[in-house]
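The figures here come from the full heavy-atom set of this structure, side chains too, leaving out hydrogens, waters and symmetry mates. Note that the structure is predicted; figures quoted are calculated from it, not measured.
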Amino acid sequence: MGSNAVEDLIEASSGVHYSGFHMEQPRTPEIEQPTTSIDDSFHKQPFIIGVAGGAASGKTTVCDLIMEQLRDQRVVLVNQDSFYHNLTLEELTKVHEYNFDHPDAFDTEQLLCVVEKLKHGQAVDIPKYDFKSYKNDVFPLRRVNPSDVIILEGILIFHDPRVRDLMNMKIFVDTDADVRLARRIRRDTAEKGRDIATVLDQYSKFVKPAFDDFILPTKKYADIIIPRGGDNHVAIDLIVQHLRTKLGQHDLCKIYPNLYVIQSTFQIRGMHTLIRDAQTTKHDFVFYADRLIRLVVEHGLGHLPFTEKQVITPTGSVYSGVDFCKRLCGVSVIRSGESMENALRACCKGIKIGKILIHREGDNGQQVSNLQGPPESLHLLRSPESLYWLLLSFIVIYKNNVISLIMMQLIYEKLPLDIAERHVLLLDPILGTGNSAVQAISLLLKKGVPESNILFLNLISAPQGVHVVCKRFPRIKIVTSEIEIGLNDDFRVIPGMGEFGDRYFGTDDD
Ligand SMILES: Nc1ncnc2c1ncn2[C@@H]1O[C@H](COP(=O)(O)OP(=O)(O)O)[C@@H](O)[C@H]1O
Ligand SMILES: Nc1ccn([C@@H]2O[C@H](COP(=O)(O)O)[C@@H](O)[C@H]2O)c(=O)n1
Ligand SMILES: [Mg+2]
């Protein structure tokens, strides 16, 4: 529908009023010049989320919930309300005839300018809008700093294609019209000091027609539609989880160039969905975990050095290829790392695989059954010379104002004698706190393995573990298939997949 047609419709429905269409005089620039000297070409692009929906549908509530859950990211909320045009004196005298729900009520050029600056790493000052005085020149202005995530929220935030095109994710909050009206009456009487008659009059004259004509038609642009707004915790959790995955991978891989997250595909997401599902049978868990492990191992092998090699093909032609790295070995962290051995053997014929057992106590972690000696499962591997208490260390973790003492003990190792001359593929499906990995890597270094010869392969990595390992051992490579949200209060990876070893080896049955 063209603007004129809409204007006609609004005129017809509500008698004489100011529609919000107006030729605004140029405004003095209110946006500060860049406060940083960051070179644009090096600036990380923020993730821009648009949140649209009818007035009082719960947009702000949904944004607040997303921001609350994304507290470990730098997130800013930019509200379309801040870009309401200032009213002329004439408009102010007849304010009840002004259409605040029409696209032309907003200064979209200024909104675009602000978002562009934020995208390029520049801080901006945003007007504050006062719903009581109808003014957007309330001082002080709101300083907004560049952030990892920018949320653009407003009834008509999807209306202008130029604004829409800036968004990486579009969310439409879809709340029943009666609920929106009831909330609006409550909000506008309580917070804006308006009487019910005025609220109802504005609703029938402007709010409802504009919803039908301008807001509802933008629902089709949404990637995600959230019914019931802030009450829909499942939708909000899913959005936050998706954002964390995107942001986590993006950030960590930029910080640590030796972290490799294998390219996600729907097949990989499907396998992850199955192995993370608590209802998945042991048989399926093993099947899909094996598929994923194989992918991680293949990917990891791609990071090993190679030598050029030429061969003669059956047609007598020369093929210039490469020769595999010969001096390799695997080292699995007992017990869950053992689940990765078959994939490694299938890829590297005859590869030697050593083993390490680390006991962890003090963080509510699964405990090895017998602290006085090696667990029963080690009888087959045990040899008197290789079995000893090698290391005893304490790791202090400070989280949520609580200091936890985690005791890490390396209690068993059986490694190839010439391990120092080999590239080592360290196998453990889960990188959580990073403490076990630090123990295992420290042992390998102690055995003379150069740090840059260690390739740590896992299925999932918590950001905390990545930080711990990569900071301490900047030259090792980590290959993983997904970055997790983080750790819970028990230092368990979330969303995670539970006790990997128990699920894989079937020891989690009641
Ligand atoms: N799920 C909910 N249950 C009850 N009240 C709600 C709910 N979500 C929002 N509200 C209230 O409704 C009003 C409008 O919500 P808000 O999030 O500001 O909507 P919007 O930003 O879409 O206008 C506010 O007063 C808010 O406190
Ligand atoms: N001076 C104003 C400006 C705007 N409104 C109404 O606010 C609604 C948009 O804000 P939401 O938080 O609900 O998205 C919109 O329906 C305008 O009518 C107003 O009443 N007074
Ligand atoms: Mg709002």
Side-chain angles (χ1 to χ4, degrees), residues 238 241-242 244-246 248-250 252-253 256 258-304 328 330-349 351 353 355 366 424-432 434 436-437 440 454-466 469 476-487 492-508:
L238 284 170
Q241 191 172 321
H242 178 78
R244 280 193 173 135
T245 307
K246 285 222 153 239
Q249 288 186 1
H250 182 73
L252 288 174
C253 292
Y256 304 115
N258 288 354
L259 170 68
Y260 301 93
V261 184
I262 65 175
Q263 179 76 45
S264 187
T265 63
F266 285 120
Q267 279 294 309
I268 290 176
R269 296 275 290 160
M271 290 182 239
H272 267 285
T273 309
L274 275 152
I275 64 173
R276 287 157 183 284
D277 186 345
Q279 303 302 321
T280 297
T281 61
K282 186 221 168 209
H283 184 265
D284 280 354
F285 182 86
V286 171
F287 182 83
Y288 291 104
D290 280 346
R291 270 187 73 189
L292 267 176
I293 289 167
R294 182 73 182 254
L295 286 174
V296 170
V297 168
E298 289 280 11
H299 193 103
L301 293 170
H303 289 279
L304 292 171
L328 279 187
V331 171
S332 61
V333 178
I334 298 171
R335 176 175 59 132
S336 49
E338 292 173 306
S339 66
M340 302 176 77
E341 292 178 3
N342 282 343
L344 187 57
R345 285 201 184 91
C347 297
C348 308
K349 209 161 39 133
I351 190 169
I353 301 184
K355 290 176 192 278
Q366 285 285 106
V424 178
L425 296 140
L426 181 62
L427 311 174
D428 193 346
I430 300 182
L431 170 59
S436 308
I454 301 172
L455 200 56
F456 181 25
L457 307 183
N458 62 64
L459 284 186
I460 56 173
S461 293
Q464 290 89 335
V466 173
V469 173
I476 81 153
K477 291 192 176 84
I478 300 180
V479 176
T480 190
S481 64
E482 275 191 359
I483 300 287
E484 296 293 281
I485 291 174
L487 301 174
R492 296 280 151 224
V493 177
I494 48 171
M497 55 181 84
E499 282 304 320
F500 189 92
D502 282 340
R503 292 187 75 188
Y504 192 92
F505 295 110
T507 45
D508 57 348

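Side chain of Thr480 to backbone of Val261: no donor-acceptor contact under 3.5 angstrom is found. The backbone N or O of Ile275 sits less than 3.5 Å from a side-chain atom of Arg503, completing a donor-acceptor pair.
Counting heavy-atom neighbours within 6.0 Å of Arg345 CZ, excluding the residue itself, gives a total above 12.
Judged as a side-chain hydrogen bond (donor to acceptor under 3.5 Å, both in side chains), and not counting sequence neighbours, the contacts of Ser332 are Glu341. Under the rule for a side chain to side chain contact (heavy atoms under 4.5 Å, CB included), the partners of Thr281 that lie at least two apart in sequence or sit in another chain are His283, Asp284.
With rounding to the nearest 0.5 angstrom, the CD1 atom of Ile460 is 8.5 Å from the CD atom of Glu482. In this structure, the separation between CG on Leu328 and SG on Cys347 is 11.0 Å, given to the nearest 0.5 Å. One finds the OG1 atom of Thr280 at 5.0 Å from the CG atom of Leu274 (value rounded to the nearest 0.5 Å). In this structure, CZ in Phe456 is found 11.5 Å from CG in Leu425, a value given to the nearest 0.5 Å. Atom CD1 in Ile353 sits 8.0 Å away from atom CG in Asn342 (nearest 0.5 Å). The CG atom of Leu431 sits 9.0 Å away from atom CG of Leu259, with the distance rounded to the nearest 0.5 Å.
Heavy-atom minimum distance, Ala462 versus Gly486: CB-O, 4.2 Å.
Side-chain atoms of Glu484 and Ile430, non-hydrogen and from C-beta on, never get closer than 4.5 Å to each other. Residues Leu426 and Ile476 have side chains not in contact (no heavy-atom distance under 4.5 Å, counting atoms from C-beta outward). Side-chain atoms of Asp428 and Ser336, non-hydrogen and from C-beta on, do get closer than 4.5 Å to each other. At least one side-chain heavy atom of Val493 sits less than 4.5 Å from a side-chain heavy atom of Leu487. Inter-residue side-chain proximity for Leu459 and Phe500 is flagged as met; some heavy-atom pair is nearer than 4.5 Å.
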Just list the side-chain donor-acceptor pairs under 3.5 Å for residues 285-303, sequence neighbours left out, or say none.
from	atom 1	to	atom 2	distance (Å)
Asp290	OD1	Tyr504	OH	2.5
Asp290	OD2	Tyr504	OH	3.4
Arg291	NH2	Gln267	OE1	2.8

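By the 4.0 Å N-to-carboxylate-O rule, Arg335 lies too far from Glu499 to be salt-bridged with it.
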